[in-house]
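Working notes for the structure below.
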Amino acid sequence: MATLAELEGWRNALMEARYSGTRMVQYGESRVEYKTDAEMQAALSDLERKIAQLSKTPIRDVRVFGTKGL
């Protein structure tokens with residue numbers, strides 16, 4: 001599994017390429033060429049989902065409040 005920093009780097013490179021109209025993305029020694037903008041959007045969505053999963057902080061405590069309704 002890629003690290004959070006790697007995923008963010010890939011996402012930034014892909015976003016830069018997408019918004020500049022480029023269909024080829026190179027990050028380090030990796031190179032990917034997309035045929036359509038829809039493929040690029042699908043890849044961005046997947047990266048965003050993975051980044052969100054790795055960025056989550058665990059819930060440490062839960063507080064419950066109640067009233068008698070008076």
Side-chain angles (χ1 to χ4, degrees):
M1 181 76 182
T3 66
L4 182 59
E6 288 175 325
L7 291 172
E8 289 173 341
W10 295 338
R11 179 194 59 196
N12 294 340
L14 183 55
M15 287 176 67
E16 183 178 330
R18 182 176 184 217
Y19 295 125
S20 69
T22 306
R23 296 281 182 236
M24 192 266 302
V25 178
Q26 185 165 350
Y27 185 75
E29 294 183 16
S30 300
R31 185 176 134 177
V32 177
E33 189 167 343
Y34 295 94
K35 294 183 181 179
T36 65
D37 186 62
E39 287 182 342
M40 294 179 96
Q41 178 56 43
L44 274 171
S45 296
D46 186 51
L47 284 170
E48 291 290 349
R49 183 181 53 78
K50 289 178 181 177
I51 289 170
Q53 286 176 345
L54 288 176
S55 297
K56 286 184 184 176
T57 56
I59 298 174
R60 301 212 184 265
D61 60 346
V62 177
R63 296 180 185 183
V64 179
F65 297 96
T67 64
K68 292 183 178 183
L70 298 175

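By convention here, the first residue in the shown sequence is residue 1. Heavy-atom basis, side chains included; hydrogens, waters and symmetry copies ignored.
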Would you please name every residue forming a side-chain contact (heavy atoms from CB on, under 4.5 Å) with [X], sequence neighbours left out?
X     : value
Ala2  : Glu6, Leu7, Trp10
Ser45 : Gln41
Glu16 : none

Among residues at least two apart in sequence or on other chains, which ones pass side chain to side chain donor-acceptor pair (under 3.5 Å) with [X]?
X     : result
Arg49 : Asp46
Ser30 : none
Thr36 : none

Check the pair Met15 / Leu44 against side chain to side chain contact (heavy atoms under 4.5 Å, CB included), numbers first and verdict last. CA-CA 8 Å; Met15 287 176 67; Leu44 274 171; 3.4 Å; yes
Establish whether Leu47 and Tyr19 are linked, either directly or via other cluster members, by ILVMFWY side-chain heavy-atom contacts under 4.5 Å. yes
Can you name the closest pair of heavy atoms from Leu54 and Thr3 and give their distance? CD1-C, 4.2 Å
Residue set satisfying salt bridge (charged side-chain N to carboxylate O under 4.0 Å, His left out) with Glu8, at least two apart, ordered chain then number -> none
Not counting sequence neighbours, which residues clear salt bridge (charged side-chain N to carboxylate O under 4.0 Å, His left out) with Asp37? List them please. Arg18
Nearest 0.5 Å please: distance from the [atom1] atom of [X] over to the [atom2] atom of [Y].
X     : Y     : atom1 : atom2 : value
Gln26 : Glu33 : CD    : CD    : 11.5 Å
Lys35 : Arg23 : NZ    : CZ    : 12.5 Å
Met40 : Thr22 : CE    : OG1   : 7.5 Å

